[in-house]
Number of protein chains: 2
Amino acid sequence: MASSIHDLARHLNISIGTVSRALNGRADVNADTRQRVLEAARTLNYSPNQSGRSLRQGATHSIAFMLQPHPGDQQYGEPFFIPFLIGLQARLAESGLDLTVVMGAPGDYQQERLRRVVETRRADAVLLAWTRREDERIDYLTQAGFPFATLGRSRSGTKSYPSLDLDFEKAGADAVDRLVARGHRRIAAVRPSLDLNFGYLFLAGYRKALRRHGIEVDPELIASGFINEAGGYEVTPQVMRSKAPPTAIIFNNDAMALGGCKALAEMGIRPGHDMAVTVIVDTPLCRYFSPALTAFRPALEPMGQRLAEMLLASLPAFAGPEGPRIIREVWPLELVARDSD
Amino acid sequence: MASSIHDLARHLNISIGTVSRALNGRADVNADTRQRVLEAARTLNYSPNQSGRSLRQGATHSIAFMLQPHPGDQQYGEPFFIPFLIGLQARLAESGLDLTVVMGAPGDYQQERLRRVVETRRADAVLLAWTRREDERIDYLTQAGFPFATLGRSRSGTKSYPSLDLDFEKAGADAVDRLVARGHRRIAAVRPSLDLNFGYLFLAGYRKALRRHGIEVDPELIASGFINEAGGYEVTPQVMRSKAPPTAIIFNNDAMALGGCKALAEMGIRPGHDMAVTVIVDTPLCRYFSPALTAFRPALEPMGQRLAEMLLASLPAFAGPEGPRIIREVWPLELVARDSD
DNA sequence: TGTGTTCTCGTAAACGTTTACGGAAAAACG
DNA sequence: CGTTTTTCCGTAAACGTTTACGAGAACACA
């Protein structure tokens with residue numbers, strides 16, 4: 001059905017070697033024959049067989065994105081990633097790479113799936129999301145010498161991999177600054193209990209900003225729970241029971257904020273009136289919730305594009321003339337002021 | 001690095017042919033040698049090279065999911081698909097298949113990308129979503145003889161492909177029934193203007209139910225717009241300007257409903273009080289919107305699993321002993337009663 | 001013992017590429 | 001014209017599998 005390089009060669013009465021060289025733009029082929037080959041390729045509707053190329057070159061021409069729902073993630077989890085994936089795939093496609101997604105059941109750490117991808121060489125590189133503070137996946141990949149990049153930072157590994165992260169520290173600080181400027185002094189923070197790295201970064205920014213404003217950090221105002229609605233619902237009352245309850249709460253996650261608001265409502269506390277509420281990572285839910293939640297928004301699709309570029313730049317086969325480079329970037333989150341603070 | 005079938009053969013002092021046969025569970029190999037091969041495979045950490053298998057077998061062991069954002073889709077579009085993808089990928093992984101996702105820019109009909117996937121044989125089969133009433137992708141795939149399945153039905157093609165769809169017709173009728181039972185007689189319908197098939201099915205159910213209740217279908221109460229928030233915002237006022245305005249509106253899409261509610265709010269009309277609002281396909285946005293929107297919910301993750309199964313059943317290489325079967329199913333949507341009607 | 005059958009395994013080709021190597025022809029140079 | 005260099009192309013091996021074919025050994029049976 002599909003025509004092969006042999007068909008082209010037979011059709012033009014030249015050898016398959018020449019056809020291949022012409023197709024791959026090598027120098028040692030006559031400009032004229034190259035033209036003829038390219039033309040024949042078009043008319044015969046030729047497109048190279050990926051398996052053949054992969055086998056010969058030892059490369060699969062595909063990147064695996066490991067999407068790892070965390071424990072307690074609810075039915076519609078991870079809408080966060082769709083625009084990111086769109087950007088990612090667009091950029092990868094430009095370089096002729098496929099994007100294969102590997103998901104797991106919520107709570108599954110995916111170590112096993114990751115090993116399978118690596119050992120069967122089903123992808124040329126791997127993309128990790130939801131990086132943890134200590135991330136065994138990163139340790140494994142560096143130790144195995146397998147190329148990868150991460151969405152998010154981690155303390156693991158030798159930092160010799162590309163990574164793109166959001167500046168949760170600055171967002172945490174900005175959130176505090178804004179609330180302080182609006183007269184708040186008792187500001188609570190609700191973050192995920194897992195060792196997801198962005199939770200640490202957020203908290204660091206939160207602490208730093210409070211101190212900068214001469215406000216003592218009150219441990220009673222910091223709570224952590226499962227990173228879902230139930231988690232927010234469960235731990236928000238904790239900070240409200242503190243000796244000096246907060247007048248503002250910063251949630252590190254939209255789902256936790258939603259659960260938190262539910263808990264507040266049950267206590268007769270109205271976000272936006274009796275309590276200022278800020279969310280660090282904006283999602284459509286923040287926008288449509290009532291009251292609309294003030295949140296910090298990431299540029300997801302550009303991030304996907306950029307991370308693809310950074311990953312490619314680190315791969316010898318795709319790096320530019322200066323050779324492979326390791327790029328690490330931290331992107332800002334943009335404040336979207338709404339009605340909840 | 002990774003050990004090959006040759007390594008196993010050398011290690012055991014047998015031929016690679018025997019190793020391969022042992023690994024693939026063929027009958028013509030001594031039970032004892034099979035044991036030894038399997039054991040060696042484990043200790044040498046062997047896993048087959050996919051490119052090699054693919055090249056030899058002419059199969060890629062991967063399925064392509066074509067995710068096609070429609071025109072005007074906004075930043076966070078398609079959260080709908082994540083749980084579906086989770087189910088899909090889980091089932092495919094069970095059969096050793098990869099899931100590669102192919103996306104496009106919103107508005108791109110993907111015909112070109114689809115052709116590339118098919119012609120380069122980058123996948124063994126293709127999965128289509130957002131099927132249209134007349135779908136050129138389906139025509140192309142049937143004509144090319146390429147295996148595929150669809151999420152959603154279509155009038156195109158010879159129906160000789162597996163498909164899984166939601167019963168939008170029944171959901172439309174159920175929505176009407178419920179509203180009529182609550183005393184409404186003037187019920188509007190807002191649907192997408194594109195020829196997305198679920199829009200037609202929904203409208204058919206809506207019409208049928210109205211007639212069953214002896215209510216005349218008023219064309220002024222039917223509007224169609226872009227399938228996003230702006231679309232809902234734009235066309236909802238149309239039905240409100242009709243000579244006899246509705247007391248209830250059924251939206252065929254969550255984003256359109258959100259835009260519609262915004263338009264209503266600007267007219268001083270409160271959903272849940274002055275106007276009953278129902279949404280056909282539930283998303284988290286419906287749940288968190290204020291008022292929480294009554295909606296019809298699909299079982300997305302099971303659908304993903306099931307469609308994967310149906311696709312596999314249609315592929316000779318994966319079909320059971322009875323040979324390949326074409327299965328077509330229509331799944332119900334479940335009413336989730338909330339505050340908006 | 002001779003013949004036929006069954007088990008088990010080795011051999012080698014094939015899938016579609018890429019690429020190292022070498023050689024013929026053409027061009028350059030003295 | 002002879003030699004060297006350059007240009008261009010064909011040959012063939014290799015990537016890691018699967019599988020058709022055939023052959024040797026063991027076994028059964030008369």
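Below, chains carry the letters A, B, ... as their sequence lines are ordered, and counting in each starts from 1. Note that these values count all heavy atoms, side chains included, but never hydrogens, waters or copies made by symmetry.
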**Request:** Using a 4.0 Å heavy-atom cut-off across all strands, classify B:Ser4 as base, sugar-phosphate, or nothing.
**Result:**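 Result for B:Ser4 = sugar-phosphate.
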**Request:** Tell me what A:Asn49 touches on the nucleic acid: a base, only sugar-phosphate, or nothing, going by heavy atoms under 4.0 Å.
**Result:**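 Sugar-phosphate only.
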Does the side chain of [X] get closer than 4.0 angstrom to OP1 or OP2 of [N] through an N or O atom?
{"X": "B:Thr33", "N": "C:dC9", "result": "yes"}
{"X": "B:Arg26", "N": "D:dT19", "result": "yes"}
{"X": "A:Ser20", "N": "C:dT17", "result": "no"}
{"X": "A:Ser15", "N": "D:dG10", "result": "yes"}

Electrostatic pair [X]:[Y] at N-O distance under 4.0 angstrom:
{"X": "B:Asp28", "Y": "B:Arg26", "result": "no"}
{"X": "A:Arg306", "Y": "A:Glu309", "result": "yes"}
{"X": "B:Glu39", "Y": "B:Arg36", "result": "no"}

Length of the [atom1]-[atom2] vector between [X] and [N], whole Å:
{"X": "B:Gln57", "N": "D:dA20", "atom1": "CD", "atom2": "C1'", "result": "15 Å"}
{"X": "B:Arg21", "N": "C:dT11", "atom1": "CZ", "atom2": "P", "result": "11 Å"}
{"X": "A:Asp28", "N": "C:dT18", "atom1": "CG", "atom2": "C1'", "result": "12 Å"}
{"X": "B:Asp7", "N": "D:dC15", "atom1": "CG", "atom2": "P", "result": "11 Å"}
{"X": "B:Arg122", "N": "C:dG16", "atom1": "CZ", "atom2": "C1'", "result": "15 Å"}
{"X": "B:His61", "N": "D:dT17", "atom1": "NE2", "atom2": "P", "result": "12 Å"}
{"X": "A:Asp32", "N": "D:dT7", "atom1": "CG", "atom2": "P", "result": "17 Å"}
{"X": "A:Ile16", "N": "C:dA20", "atom1": "CD1", "atom2": "P", "result": "15 Å"}

**Request:** Go through the side-chain N and O atoms of A:Asn197 and A:Ser154 and say whether any donor and acceptor fall under 3.5 Å apart.
**Result:**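 No pair is found: no donor N or O on one side chain lies under 3.5 Å from an acceptor on the other.
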Proximity to the side chain of [X] - top-ranked nucleotide from [options]:
{"X": "A:Leu55", "options": "C:dG16, D:dT17, D:dC9", "value": "C:dG16"}
{"X": "B:Asn30", "options": "C:dC9, C:dT17, D:dT19", "value": "C:dC9"}
{"X": "B:Arg56", "options": "D:dC8, D:dC15, D:dT18", "value": "D:dT18"}

**Message:** Donor-acceptor check, side chain of B:Ser314 to backbone of B:Leu311, threshold 3.5 angstrom: yes or no?
**Reply:**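 Yes, B:Ser314 side chain to B:Leu311 backbone: donor-acceptor pair under 3.5 Å.
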**Residue closer to the 5' end of DNA chain D, B:Gly17 versus B:Gly52 (nearest nucleotide)** =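 Looking at the nearest nucleotide for each, B:Gly52 comes out on the 5' side.
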**Message:** Reading DNA chain C from 5' onward, which residue's closest nucleotide shows up sooner: B:Ala31 or A:Ser47?
**Reply:**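 On the 5' side of the pair lies B:Ala31.
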